[in-house]
Amino acid sequence: MAPQRLTEYERKRLENIKRNDELLASLKIHSKLADLSASAKRQRLQIKSYRVSPEKKVKPETPIVIRRSLRTQGKEPDSATIPKSLVIPKKPPHELVPISMADANTCSESDQVLVEKILSVCRMKDGDSDGGYAKKGIGLRVRGSIDLESMELAPENIARVVAGRILSVKFFPSADMRMVVVGDKFGNVGFWNVDSENEDGDGIHTYQPHSAPVSGILIHPFCMNKIITSCYDGLIRLLDIEKEIFGLAYSTDDSIFSMSQRPDDMNSTYFGEGNGVLCIWDERSGKTSLSWNLHESRINTIDFNSENTNTMATCSSDGTACIWDLRKLSKRKPESLKLVAHKRAVHSAFFSPSGSLLATTSLDDTIGLVSGENYEDELMINHNNRTGRWLSTFRGVWGWDDSYMFVGNMKRGVDVISTATEEMRVVSTLESPHMSAIPCRFDPHPLNPGMLAGTTAGGQVYIWTSSS
DNA sequence: CTTGCAGTTATGCAC
DNA sequence: GTGCATCCACTGCAAG
């Protein structure tokens with residue numbers, strides 16, 4: 001970092017950090033305070049939209065903080081040994097309180113355009129009773145086969161939505177508009193209304209309700225004006241579009257690495273916290289009711305079997321993916337129905353649309369497929385999943401039936417893996433000259449088969465569509 | 001069990 | 001097109 005390039009603000013900040021470091025080192029309590037000072041360093045940056053004024057851009061150097069409690073570090077909370085004047089509040093006040101959309105807004109677009117758009121779709125849903133779910137005749141997610149050959153990436157379906165590496169992506173579960181929400185490593189949450197040509201602006205709205213990587217996004221299928229985000233900063237926020245507030249739902253000292261919702265119980269949010277703990281947060285009581293220690297390391301994904309919502313799959317950096325029966329999950333010694341062992345960290349484990357298959361993606365360069373009446377059969381194929389430090393890890397996701405999975409590849413393509421005829425292999429790769437970066441995280445549109453969102457380390461979103 | 005550290009890499013921008 | 005700065009991610013091992 002060349003000193004002459006630093007802004008006044010940055011220079012002062014670095015000086016402060018250096019001074020604090022020296023002071024702390026001299027007191028030999030640096031290691032104890034490291035986490036605390038790091039969280040104090042965390043502060044919201046005014047990342048102006050890169051597209052508004054690139055020449056005035058502020059370096060996005062929000063510190064990434066992995067929260068870890070003293071307890072999990074095996075340390076006593078002995079603040080008595082730390083001079084009072086040096087005790088930095090663990091959580092800066094602005095993180096404890098709700099943030100209004102206006103305060104979190106980091107773009108030049110007005111909140112009102114986004115709010116109106118989302119509320120108008122919610123109203124359509126009310127009039128339609130369920131916004132198309134009945135029309136399609138199926139529950140929360142439409143199933144159907146698609147013609148892979150017809151999938152294409154149109155240039156107008158590409159946008160840079162946020163500044164940083166994207167970790168989470170979710171389509172609005174509406175057939176009436178195409179809107180995606182993404183979360184990046186700086187804590188930005190970006191909305192992209194893909195069909196905004198006739199409306200104001202470019203359809204991109206960005207907010208920064210978090211201070212670290214956004215690990216999960218959930219949108220209630222029947223109540224789209226409530227959007228939940230989870231973050232490495234240890235917070236779960238509930239965005240209420242009507243009130244225009246990113247509320248604070250839950251707060252912990254540990255990082256939250258994953259989040260999911262039971263398809264049949266939208267009031268319960270399941271999330272993975274710290275080194276392997278699964279918690280349930282209840283929206284009505286506003287509390288976490290239950291928690292289990294399911295893994296020895298971070299839980300990377302949580303997923304539910306759509307046909308039997310008591311069946312849940314988790315995967316972890318401890319090298320395993322597990323299937324659990326929630327009705328038989330003992331607090332003391334949780335036992336899994338099935339354990340899939342990989343040689344290295346497992347970064348996703350998702351049930352197929354029918355629920356009869358489970359796909360795992362691991363850093364051991366394999367993709368696993370679990371099948372059978374009681375998930376007793378395992379199949380593994382080789383797939384390069386070494387994404388390195390700059391990219392989000394790959395996660396194989398299911399399409400709109402049990403026949404295909406999609407997973408990123410290191411050559412700027414989307415590998416399509418067929419599970420048909422028990423012969424699991426890459427049958428084709430979605431490629432496009434418009435795809436200038438590697439897509440890592442995906443979301444298939446829940447109501448439009450053939451519409452697949454892929455996201456990159458540069459904050460880009462690609463929306464593949466199918467004409468069939 | 002904790003700490004330390006090497007190894008793995010792509011992207012956007014300036015030129 | 002090519003070179004360069006990114007750096008604070010995360011894993012997995014080795015040593016204490």
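A note on names: the letters A, B, ... follow the listed sequences, proteins ahead of strands, and every chain is numbered from 1.
- What separates NE2 of A:H342 from P of C:dC10 is a distance of 20 Å, to the nearest Å.
- Nearest-nucleotide positions on DNA chain C for A:K343 and A:R165 put A:R165 closer to the 5' end.
- Counting non-hydrogen atoms of other residues, nucleotides and ligands closer than 6.0 Å to NZ of A:K338 gives a total above 12.
- Per the geometry, CZ belonging to A:R412 stands 8 Å off P belonging to B:dG12, to the nearest Å.
- Using a 4.0 Å cut-off, no side-chain N or O of A:Q460 falls inside it from OP1 or OP2 of B:dT11.
- Proximity of A:R160 to the phosphate of B:dG12: a side-chain N or O atom is located under 4.0 Å from OP1 or OP2.
- Residue A:I99 comes nearest to A:P209 through the heavy atom pair CD1-O, 4.0 Å, listed as atom of the first residue, atom of the second, then distance.
- Taking atom CE of residue A:M410 and atom C1' of nucleotide B:dT11, one finds them 12 Å apart after rounding to whole Å.
- Counting heavy-atom neighbours within 6.0 Å of A:K331 NZ, excluding the residue itself, gives a total above 12.
- Heavy-atom neighbours of A:E376 CD from other residues, nucleotides or ligands within 6.0 Å: above the threshold of 12.
- Position along DNA chain C of the nearest nucleotide to A:W390 versus A:T393 favours A:W390 as the more 5'-ward residue.
- A:R344 has its CZ atom 14 Å from the P atom of C:dC10, to the nearest Å.
- Summarising the geometry, the separation between NZ on A:K411 and P on B:dA10 is reported as 12 Å, rounded to the nearest angstrom.
- Comparing the same atom, P, in B:dT8 and in C:dT6 gives a spacing of 22 Å after rounding to whole Å.
- Going from atom CZ of A:R441 over to atom P of C:dA9 covers 14 Å, rounded to whole Å.
- Between A:T387 and B:dT9 there is no side-chain polar atom (N or O) within less than 4.0 angstrom of OP1 or OP2.
- Checked against B:dT9, C:dT11, C:dC10, the side chain of A:S317 finds its nearest nucleotide in C:dT11.
- The shortest distance between the side-chain N/O atoms of A:H347 and the OP1/OP2 oxygens of C:dT11 is below 4.0 Å.
- As rounded to whole Å, 16 Å separates atom C1' of C:dT6 from atom CG of A:D184.
- Taking atom CG of A:N275 as the reference point, atom P of B:dT2 lies 9 Å away to the nearest angstrom.
- Note: A:Y232 and A:F257 meet the aromatic proximity criterion, with ring centroids under 6.0 Å apart.
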